[in-house]
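Step one of this worksheet: look at the structure below.
Along the sequence shown, residues carry numbers from 1.
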Amino acid sequence: MKLLGISGTITGSKPRVVVQKVLDEVKRNNPEIEVELLDLKDYNIQFCDGRNPSTYTGDTKKVIDIVSSADFYIIGTPIFQGSITGALKNLFDLIHPKDFRNKVMGFIATGGTYQHYLVIENQLKPIAGYFRAFVAPGFVYAHNDHFSSQNELVDKEVLDRITALSEEVVLMQKALKSSNSAVQYN
């Protein structure tokens, strides 16, 4: 099983920090699971222009292939102007919906106000619903105050939510895998 963590921004580093923490927790408790981090700022991704995803080349093709081949996901974004980043939305637009279908997604977000956690509920979960993905019931929201001046997570409650999310996505993925695709929603 391959868990892909996605840092859905081309600026800043807080989402990457939180996504990496979730991946580290999964790997520590489930060494048999392959984990990979996809940081969008490491790639030069084209804007989606509506064409078939298989026709993209270069970094865009590489990212599409990485995302499409994962079994489940931890997806992180900073919240800018009350919304997910354009880079993450572009990534969602580039991936064929069937590539997310019946896969588990867990969400993290970072932001500068305590109300921005609602973006997970109001934007990310509905996108996952469109993809017909299975969404972990918990999520992680980290405010700027939850980080040290060295950009390390220091808030105990956030760290506890990271542990809980890592357990939820693995539990859900193992349950889906053990059902051996007996239930597939089309």
Side-chain angles (χ1 to χ4, degrees), residues 1-10 12-43 45 62-79 84-85 87-92 94-95 97 99-111 116-143 146-147 151-153 155 157-177:
M1 285 189 296
K2 180 179 175 182
L3 171 61
L4 181 65
I6 299 171
S7 178
T9 185
I10 56 173
S13 60
K14 286 180 174 64
R16 180 188 176 120
V17 169
V18 183
V19 169
Q20 186 64 59
K21 280 274 197 208
V22 176
L23 296 178
D24 292 346
E25 276 289 305
V26 168
K27 193 65 176 172
R28 186 172 62 82
N29 295 315
N30 304 276
E32 74 283 3
I33 296 177
E34 178 187 352
V35 298
E36 181 178 355
L37 176 68
L38 173 69
D39 190 338
L40 295 186
K41 85 173 106 160
D42 294 337
Y43 297 89
I45 302 171
K62 183 184 287 186
V63 166
I64 290 170
D65 290 344
I66 290 169
V67 173
S68 299
S69 68
D71 296 305
F72 60 132
Y73 307 91
I74 294 294
I75 300 170
T77 183
I79 306 304
I84 66 174
T85 65
L88 182 58
K89 177 61 169 90
N90 186 57
L91 177 67
F92 287 146
L94 287 165
I95 307 301
D99 291 330
F100 285 124
R101 185 169 292 160
N102 298 317
K103 294 183 180 181
V104 175
M105 290 183 173
F107 294 116
I108 71 100
T110 61
H116 278 151
Y117 76 91
L118 292 168
V119 172
I120 295 171
E121 293 291 340
N122 296 325
Q123 292 180 23
L124 289 170
K125 287 184 177 183
I127 290 169
Y130 171 77
F131 290 137
R132 296 183 184 176
F134 296 102
V135 178
F139 58 84
V140 176
Y141 179 76
H143 183 275
H146 298 143
F147 293 86
N151 229 17
E152 297 170 337
L153 277 169
D155 186 89
E157 287 182 32
V158 172
L159 293 169
D160 289 345
R161 286 194 297 271
I162 285 170
T163 298
L165 181 61
S166 72
E167 292 168 355
E168 285 177 7
V169 295
V170 169
L171 177 70
M172 290 175 69
Q173 179 61 26
K174 286 183 176 181
L176 284 170
K177 187 172 182 189

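A donor-acceptor pair under 3.5 Å is absent between the side-chain atoms of Thr110 and the main chain of Ala142, judged by distance alone. When atom types are taken as modelled, the side chain of Asn30 and the backbone of Val26 share a donor-acceptor pair closer than 3.5 angstrom. Of the possible polar contacts, one joining the Gln123 side chain to the Ile84 backbone as a donor-acceptor pair under 3.5 Å is found. Here the side chain of Lys103 pairs a donor or acceptor atom with the backbone of Asp99 at under 3.5 angstrom. Between the side chain of Asp39 and the backbone N or O of Asp42, no donor-acceptor pair lies under 3.5 Å. Looking at Ser68, its side chain never comes within 3.5 Å of a backbone N or O of Asp65 through a donor-acceptor pair.
Ring planes of Phe139 and Tyr117: parallel class, angle under 30° (limits at 30 and 60°).
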Evaluate the side chain to side chain contact (heavy atoms under 4.5 Å, CB included) criterion for residues Val67 and Leu91: first the C-alpha distance (whole Å), next the side-chain angles of each, then the deciding distance (0.1 Å), finally the verdict. CA-CA 9 Å; Val67 173; Leu91 177 67; 4.1 Å; yes
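Of the candidates Lys177, Lys27, Lys174, Lys174 is the only one forming a salt bridge (Lys or Arg N to Asp or Glu O under 4.0 Å) with Glu32.
Between Phe92 and Phe100 there is a side-chain heavy-atom pair separated by less than 4.5 Å.
Qualifying side-chain hydrogen bond (donor to acceptor under 3.5 Å, both in side chains) partners for Lys2, counting only residues two or more places apart in sequence or in other chains: Glu36. The side chain to side chain contact (heavy atoms under 4.5 Å, CB included) check on Tyr43 picks up Leu38, Ile45, Asp59, Lys62, Val63, Ile66, with sequence neighbours excluded. When the side-chain hydrogen bond (donor to acceptor under 3.5 Å, both in side chains) test is applied to Glu152, no partner is found at least two apart in sequence or on another chain.
Stacking of Lys14 on the aromatic ring of Phe147 is recorded, both the 6.0 Å distance cut-off and the 45° axial limit being met.
Residue Ile10 places its CD1 atom among 12 or fewer non-hydrogen atoms of other residues, nucleotides or ligands, all under 6.0 Å distant.
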